[in-house]
Each structure stands twice: as structure tokens, then as C-alpha cells.
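First the structure, in the form of C-alpha cells, and then the observations on it.
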Amino acid sequence: MSRRRQQNRDDEDNGFAEWGGYMEAKKAKLREQYKETTAKEVEKLSDIFTGVSILVNGLTNPSSDQLKLLMAQHGGTFHLYQSSTTTHIIASNLPNVKINKLGSVPIVKPSWITDSIALNKLLDYKRYLLYTNQTTTQPPLDFPVVAKTASDPHFLEEFYSNSRLHLISTLGAEYKQFISDLREKPRDFPGRVKLSHVPKTGAVPQTPVVMHIDMDCFFVSVGLRTRPELRGLPVAVTHARRAQLNPNKEREETVTLNMDRMPEGVELRMIDGRSSMSEVASCSYEARKCGVKNGMFLGAAAKLCPQIKTIPYDFEGYKEVSMVLYKTLASYTLNIEAVSCDEMYVEVSDLLKSYDLSVEDWANHIRDEIKTATGCPCSTGFGSNRLQARLATKKAKPDGSYYLKPEDVESYLAEIALADLPGVGYATLSKLKSLGLETCGDVQVASLGVLQRELGAKMGETLLEQAKGIDRKPLNYTHERKSVSAEINYGIRFKTINECYNFLESLGNEVWSRLNEIKMRAKTVTLKLMIRAADAPLETAKFLGHGLCDSVSKSQTLAHHISDVKILHREVRTLYDKMNVNYAELRGLGVQLTKLEKLAPINPTLSNFLQQESKKIQPTGDKTASRGRELVRPPSGEKVATRGRPRKNSKGQKNSLSNFFKNKKEITGQNKSVEIKKAEVDLNVLQELPPEIRAEIIKEYNLETPAPKPPLESPETAPPAKKSPFSGLNWPQLKPILYKWLQSEQKPDNYDVVLLGEHFRQSAITRDIDWLPTAMNFLYRNFAQMNCCWHKAYHKIVDLVQQGMVARYGGTLLIKRDFDCLNCF
DNA sequence: ATCCTCCCCTAC
DNA sequence: TAAGGTAGGGGAGGAT
């Protein structure tokens with residue numbers, strides 16, 4: 001897979017701009033071409049973009065899809081996520097580009113692609129840079145760095161951007177959060193108007209009705225939206241394109257070696273040294289007819305079904321379709337329990353009653369709407385509890401619906417295979433088989449004691465109930481996280497101990513940043529290792545897989561929750577060292593955090609204290625006091641929920657800095673991996689801040705720049721000081737609030753720090769400074785006791801005070817600055 | 001009894 | 001080549 005040296009680097013494009021009309025016509029033709037070819041197999045037209053790998057950011061013209069096709073036609077590569085092999089970012093709009101994330105990869109306008117194609121040669125991208133102070137050297141295209149194993153610093157990123165299981169997990173969690181968040185606010189249901197026009201053909205059920213929706217072979221269906229010619233054929237989504245690999249003696253030996261260790265009947269027996277071991281993420285029903293199953297190796301699938309067609313992953317497509325699915329349902333009700341990106345339970349009893357619908361009327365309507373909106377088929381199952389609904393879906397599939405009525409439950413259940421019960425997997429099934437049990441009917445008449453002896457108390461009991469169609473667990477609409485973990489069991493082949501340590505640190509950073517995203521802290525760290533089994537061959541059958549392993553874990557619970565990523569790193573490392581494992585034998589690593597506690601709402605921020613305290617002090621005080629609780633609102637699902645628009649600011653709240661941020665992200669001094677997402681900002685308040693503070697906040701929170709307002713400096717002409725939420729409090733009143741703040745927070749919230757510093761600065765500007773030296777002394781003494789984050793916060797406040805002093809008096813106050821802290825410098 | 005740690009199992 | 005993650009339920013067995 002060597003890449004040819006790129007041709008035509010020199011500026012041979014001088015004067016091409018004069019070709020305006022010609023170029024436009026060419027581009028229009030390209031767009032036409034796109035329309036014609038999307039449905040067909042991609043035809044190779046040139047090699048212009050050999051060695052070029054693009055990532056499209058934001059909306060572009062041509063669209064991302066069109067660029068993807070163009071790259072395929074002209075020898076380039078299209079990335080859905082940035083990886084170490086991405087050579088160019090394509091973007092049209094500066095605000096859409098999160099520059100800090102993109103690193104040194106040049107950001108180029110899409111016309112670079114279309115112009116290059118029009119001229120049939122690779123033009124110099126420098127002329128197409130989206131903005132100017134970028135790198136102008138061509139990226140090294142000849143020897144691309146591919147993050148192959150966990151020894152590479154970019155491995156984690158690279159791996160995640162290709163992992164279907166990672167995507168499934170993260171999307172599932174996001175939709176749970178999405179529904180939780182939507183339920184926080186009162187909401188209307190615009191979809192319901194459509195229900196009045198639905199033809200009424202049956203009786204409204206008088207018993208509770210739970211619906212289970214499941215998309216049919218989700219990944220395949222999404223892929224077939226743009227490949228209609230493959231409908232009706234056996235199709236599988238895999239990374240590999242071909243089931244047969246090129247001959248390779250060494251590999252064949254490795255596979256044979258591994259097969260010898262595998263027990264009879266294991267799927268590995270179906271493959272040989274030339275079979276692809278890429279996993280089937282999803283397969284069409286036509287493929288299932290031949291015995292192909294999700295999770296099977298492609299090589300094995302092709303043995304069962306030689307005509308099988310493979311299609312690549314489309315992670316963006318899965319996200320889009322599942323969002324449409326959830327939004328469609330959420331426009332009718334929020335009594336939804338999200339299961340995963342393509343599956344959910346919905347309580348529909350009330351909806352059916354309110355709109356006089358039979359189960360069938362509703363099922364037809366909603367399935368039709370989902371199909372129209374997503375282009376993908378789904379199946380629905382109905383029953384009087386989640387178990388019945390789920391079992392009904394089995395019968396409904398594919399592309400159908402089934403209602404398991406209460407009176408049919410007993411006979412329907414009797415025929416159900418135990419393997420079809422949720423919670424019964426490979427291990428449970430074989431235990432049950434050893435008891436001679438195969439169907440729910442068998443279990444219905446089995447004794448509780450026998451089941452419990454074999455499966456345990458709880459499992460035995462639930463299985464007996466399940467076999468009778470009983471499910472006491474109600475739908476769970478909201479959701480509280482109990483653990484956060486990151487685990488990699490692929491590509492782990494360390495050559496030195498430091499590679500191992502570095503990777504543990506990446507995992508630590510990963511879980512830490514996920515923990516921050518959900519605004520939680522943890523007390524327990526668990527390290528999980530997969531170690532090559534003693535008799536397993538050194539190399540695995542699957543390329544860089546984990547092979548046969550022993551798995552061990554060790555945990556450490558701390559007295560207090562972990563306040564800093566460095567502490568986490570230290571704990572992980574200590575655990576690893578204690579486990580006394582040879583790094584070369586590692587095949588998998590995972591870091592898990594448990595004993596979680598909510599960070600923001602439980603530990604009130606300074607602003608919350610202020611709201612409460614000033615209420616006590618000024619019972620008739622200004623309106624800002626009553627708005628304190630707003631800040632306690634749990635974060636909204638940032639990635640999927642609506643966000644980002646400035647809240648309307650009704651009068652009377654204009655000066656409330658406490659109204660400034662909703663959903664702010666914690667800033668940590670140490671942890672650069674914490675991505676600061678756009679906060680919801682009250683732009684009016686932002687504009688009223690002095691320019692340097694404004695600039696800082698814009699920078700810190702990575703906001704788009706609002707239209708600047710004339711600075712309010714020049715003390716003589718400055719308008720009267722803004723009424724901050726602190727105004728009206730004298731120092732003796734403020735002091736205990738600050739003291740509480742110090743005790744309640746692990747780290748000062750950046751917003752609170754700026755808020756306080758700004759109050760001090762305004763005090764200086766309004767010549768209200770008698771108390772300032774005392775206050776600063778108080779802060780110095782108390783902040784000195786705290787960790788380095790507080791020291792930094794103190795310096796920020798001092799800077800703001802001095803700015804105010806200089807502005808008003810032309811000089812600075814004498815304030816102590818240096819802490820006896822090694823970390824600060 | 002109840003809790004904790006270290007597993008295993010399951011689902012998507 | 002290939003991208004074998006992640007959260008939750010729960011059991012065994014020891015500590016309290």
C-alpha cells in the first residue's frame with residue numbers, strides 16, 4: 001500500500017482564475033455526475049488524489065457526500081474522523097472549524113478538490129487555505145504514519161474512530177441522556193396532530209401497552225439507503241472488503257496454531273489461513289437465511305454464503321438515522337426508554353386512548369413515518385410489559401409488527417426458545433441445557449429451587465417469571481450513571497514498559513474526560529488487564545487481536561473522590577505495578593471508575609451560594625436572587641440536544657452574571673484533553689464585560705466572537721458600575737460565602753473566579769476599596785492552603801483587581817502574590 | 001446480615 | 001490484516 005509521490009506540486013495553476021466560466025461549468029458537471037453515480041458502483045476516473053486523505057468539517061459545497069464520492073473516483077481517501085493519516089481538512093466556514101482540535105493539518109476550501117478535478121491534476125492546496133496563518137508545507141504524504149498498535153500515541157483516537165462497538169456504546173448512552181434531558185422541560189408533541197387523521201380500524205386496548213421498536217439490521221439498512229441495487233441480496237457490513245485474503249504462509253501457520261487451541265464447534269474452525277477475520281457488524285436477512293450471524297468473521301460468513309456482498313461502515317449515517325428515529329418518537333411522547341441507537345421501549349397506553357387508536361393503527365402509522373423519515377425499515381412489538389413487547393418483536397421481524405395480547409401470552413411463551421429470552425446468553429443457555437431445559441414451556445414447570453441452584457437466587461427467580469411472560473421491571477425513562485470506563489483489547493503489543501505506561505495514561509485521560517462530560521467524580525478506580533493465556537500462541541489468529549486470554553482486575557477505593565487527573569494516573573499506575581504482569585504479555589487494558597457522585601449540582605458553585613446567601617441577607621433584594629436555582633439545572637445532552645442559542649434575556653435579568661452560563665464545562669488547569677464545548681452564553685452580559693475579560697472568556701470557552709461593543713474603560717467617562725450579583729454585599733457579608741465556597745469545591749469554577757474578580761475590579765473603579773486589602777489578604781491566606789488550581793484562580797483575581805486600580809488610580813495595590821508552591825512554576 | 005472486591009455474563 | 005466497547009446485573013467468597 002505504498003503511496004506514490006505526489007505530482008504537480010508546483011504552482012502550475014497561475015491564471016486559472018480567469019477561466020471562471022469554464023470552471024463553473026466543470027463543477028456543475030461534477031455535481032451532475034454525482035447524482036448519476038451515487039447508486040452505482042464507484043468508477044475510478046483518475047489518480048489525482050493518491051496519498052490525499054480528507055476529513056470534511058461542517059457544511060460544504062459540494063457536500064460531504066459528494067466529496068466522498070469524488071475522492072473515491074479520483075484515488076483519494078475520505079475520513080469520517082480525523083486520524084493520524086488525515087492530510088487535509090476540507091471546510092467552507094471558519095466558525096465551523098474548531099481550530100484547536102485540528103492541529104497542524106491544513107484546512108482547505110472544497111474548491112481545491114473540484115478545481116483539481118476540473119484541471120485533472122492536483123493543484124497546490126496553499127492557494128485554497130481557508131485562512132492564512134497555517135502551515136504551508138505539504139504534509140508528508142509518502143510515508144504516512146498509521147497508528148497500528150497501542151504503542152502509537154494516536155492509537156486510541158484511531159481505534160475509536162473505527163470501532164463499531166465503541167460507537168454502539170457511546171450512542172446508546174447519548175440517547176438515554178437525550179430522553180432524560182427532554183423530560184426535564186415541559187414539551188409539546190407536534191407529532192400528535194397527525195394522529196387525528198389516522199384511519200381507525202380496531203378496538204382501543206384496555207390493558208397497558210408497551211411498544212418495542214427495533215430497526216431491522218440497522219447498519220445494513222443505513223448502508224442500503226444509497227445502494228438500492230443491493231436490496232434483496234445477502235449483504236454484510238464489515239471493515240474488510242473481501243472474504244479471501246492473499247496467500248501468506250506465516251499467517252496460515254498462525255491461524256492453524258490458534259485453531260488447535262480452540263474447542264470443537266467454535267466458529268474459528270470454519271476459517272483457514274486465507275479467510276478474513278473481519279467481523280460482520282450487521283447482515284441482511286437474506287444473509288441470515290444462509291446462517292450468517294452478526295459478529296461472525298467474514299471468512300466464516302462467506303463459507304456459509306459465498307455470494308455475500310460487503311459494504312463499508314457509515315458511522316455518520318448511523319448517527320443521523322438514529323437521531324431521526326428518536327426525534328420522530330419524541331414528537332409523540334417522552335415515555336421512552338432508550339435501549340440503544342436503534343432500539344427503544346415506549347409506553348403508549350395513554351397515547352392510544354387519547355387518540356382512539358388500536359395497536360395496529362398506531363403501529364402502521366409510526367412504522368410508516370419512521371420508514372419515510374429514515375429510509376430504513378423497522379419492526380415493532382407490543383405487549384403488556386417490556387418482556388412481552390420484546391418477544392413480540394422477534395415474531396414481527398423483519399419489517400413487520402406484532403401485538404402479543406394478554407390472552408395469548410401463555411401459549412405464545414410456551415413455544416419460545418430459552419435463548420430468545422433477554423438475559424439468557426451462551427453460558428446460561430448451556431447450564432439450562434444441562435438441566436434438559438430448552439423452551440420457556442420447559443422452564444414454566446421446572447422447580448424454582450433447581451433453577452436457583454444452577455443459576456443463582458436472582459437469576460433463577462427472574463427466569464421462572466420470564467418464562468411465564470412476567471416482567472416486573474417498569475420502563476426506565478431517566479438514567480443515572482454508575483460507572484465510566486474505557487477499555488481496549490485490540491492492538492495491544494507493547495515493546496517497552498514505557499509504551500505501556502503511556503497507554504495507561506491515555507486511557508486515564510479518556511475516562512477522565514468522559515467523567516467531566518457528565519460532570520461527575522469517582523472514588524474507585526479499577527484496572528482490568530487481559531493477559532495472554534499460558535498456552536496461547538504468541539501471535540493471534542486475528543490480526544492484532546487479543547486471542548485466548550486470562551482476565552484480571554484490581555481496584556482501589558480512595559477516601560475522597562478524585563479531584564485531579566494526575567491522581568487518577570498515579571492510582572492507575574500503582575494498580576498496574578501491584579499486579580505484577582509482564583507488559584509484553586498484555587493483550588488488553590481497561591480503566592474503570594465507579595462510586596460516582598454528581599459534581600456540579602451537589603457541590604454548589606460560588607454563584608449558587610451567592611444566590612442563596614444574598615437572599616437571606618437581602619430578602620427584598622433584586623430579582624437576580626431568585627434565579628439561583630437555574631444554575632443547578634443538570635447539563636443538557638450536549639451532543640444531541642438542541643443547544644447553543646443565546647437565551648432570551650428579559651429585562652430585569654440583564655445584569656445577572658449568574659445567568660451567564662448554562663451548561664458550562666469545567667475547566668481544569670492540568671487536563672488538556674478535556675474538550676471545552678461551546679457554552680450557552682448570554683451575549684448581552686458578555687458584551688457588557690470589559691474587553692480583556694470578554695476576550696478571555698471567548699478564548700477559554702471557545703466561543704464565536706460576538707460583535708464587539710465600544711470598551712467601557714476610561715474611568716472618568718465610564719458609566720456607573722454594573723450591578724453585579726455581589727453588589728450590595730459588604731465585606732463581612734461576602735466573607736463567609738467565600739469561605740464556604742473554598743470548602744465546597746475541589747477546584748474553583750472558572751466562571752466563579754471571573755465573576756468574583758470582576759466584582760473586585762468594579763469596586764476599584766468605583767473607588768470602593770477600603771475593604772479590598774483585607775479581602776485580598778483573606779483570599780491569599782485561604783487559597784494558599786488549597787491546591788494549585790486555586791493559586792491560579794487567585795492570580796487571576798489579583799490581576800483583575802490591579803487592572804481596576806490602574807484604571808482608576810493609575811497605580812497598583814500592594815498585594816501578596818507568590819505561594820510557596822512548587823507546582824505553580 | 002451486609003458490604004466489598006473480583007470476577008462472569010449479557011446486551012446493543 | 002483489523003479496528004474484540006461499555007454499562008449494568010449479579011454471584012462467590014471473604015471481611016466486617
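Here the structure is a predicted model, which is why all the values come from computation and not from measurement. Every chain is numbered from 1 and lettered A, B, ... according to where its sequence line falls, protein lines coming before strand lines.
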Any side-chain N or O of [X] below 4.0 angstrom from OP1/OP2 of [N]?
X        : N      : answer
A:Ser485 : C:dA7  : yes
A:Thr428 : B:dT10 : yes
A:Thr170 : C:dG5  : no
A:Arg164 : C:dG4  : yes
A:Arg481 : C:dA7  : yes
A:Thr557 : B:dT5  : yes
A:Lys431 : B:dT10 : no
A:Asn246 : C:dT1  : no
A:Lys542 : C:dA3  : yes
A:Lys482 : C:dG9  : yes
A:Ser340 : B:dA11 : no

**Message:** If you apply the rule side chain to side chain donor-acceptor pair (under 3.5 Å), what do you find for A:Asn248 with A:Arg274, and how did you get there?
**Reply:** CA-CA 8 Å; A:Asn248 176 337; A:Arg274 292 189 58 186; over 6 Å; no

**Asked** Can A:His239 be said to stack with the base of C:dA3, given centres closer than 5.5 angstrom and planes under 30 degrees apart?
**Response** no

**Request:** Test ring-ring contact (aromatic ring centres under 6.0 Å, His included) on A:Tyr326 and A:Tyr175 and set out the steps.
**Result:** CA-CA 8 Å; A:Tyr326 272 90; A:Tyr175 286 113; 4.3 Å; yes

Whole-Å gap separating [atom2] ([N]) and [atom1] ([X]):
X        : N      : atom1 : atom2 : answer
A:His166 : C:dA7  : NE2   : P     : 10 Å
A:Lys528 : B:dC7  : NZ    : P     : 11 Å
A:Leu451 : C:dG11 : CG    : C1'   : 16 Å
A:Leu586 : C:dG4  : CG    : C1'   : 16 Å
A:Lys394 : B:dA11 : NZ    : P     : 8 Å
A:His546 : C:dT6  : NE2   : P     : 14 Å
A:Lys458 : C:dG8  : NZ    : P     : 16 Å

**Residues A:Arg367 and A:Asp399 bridged, charged N to O under 4.0 Å** = yes

**Asked** Thinking salt bridges, do A:Lys598 and A:Glu480 make one under a 4.0 Å N-O criterion?
**Response** no

Options [options], nucleotide nearest the side-chain atoms of [X]:
X        : options               : result
A:Glu279 : C:dA3, C:dG8, B:dA11  : C:dA3
A:Phe159 : C:dT6, C:dA3, B:dT10  : C:dA3
A:Ser278 : B:dC8, C:dA3, C:dG5   : C:dA3
A:Tyr160 : C:dT6, C:dG4, C:dG8   : C:dT6
A:Leu245 : C:dT1, B:dT10, C:dG11 : C:dT1
A:Lys554 : C:dG4, B:dC6, B:dC8   : B:dC6

**Asked** When rounded to the nearest Å, what value does the distance between P atoms of C:dA3 and B:dT10 take?
**Response** 22 Å

**Asked** Mind checking whether A:Lys523 and A:Glu597 have side chains closer than 4.5 Å, heavy atoms only?
**Response** yes

**Request:** For A:Gly456 and for A:Ala240, locate the closest nucleotide of DNA chain C by heavy-atom distance; then report the residue assigned to the nucleotide nearer the 5' terminus.
**Result:** A:Ala240

**Asked** Closest nucleotide of DNA chain C for A:Arg242 versus for A:Ser169: which of these residues is on the 5' side?
**Response** A:Arg242

**Request:** Just say parallel, tilted or perpendicular for the rings of A:Tyr160 and A:His166, cut-offs at 30° and 60°.
**Result:** parallel

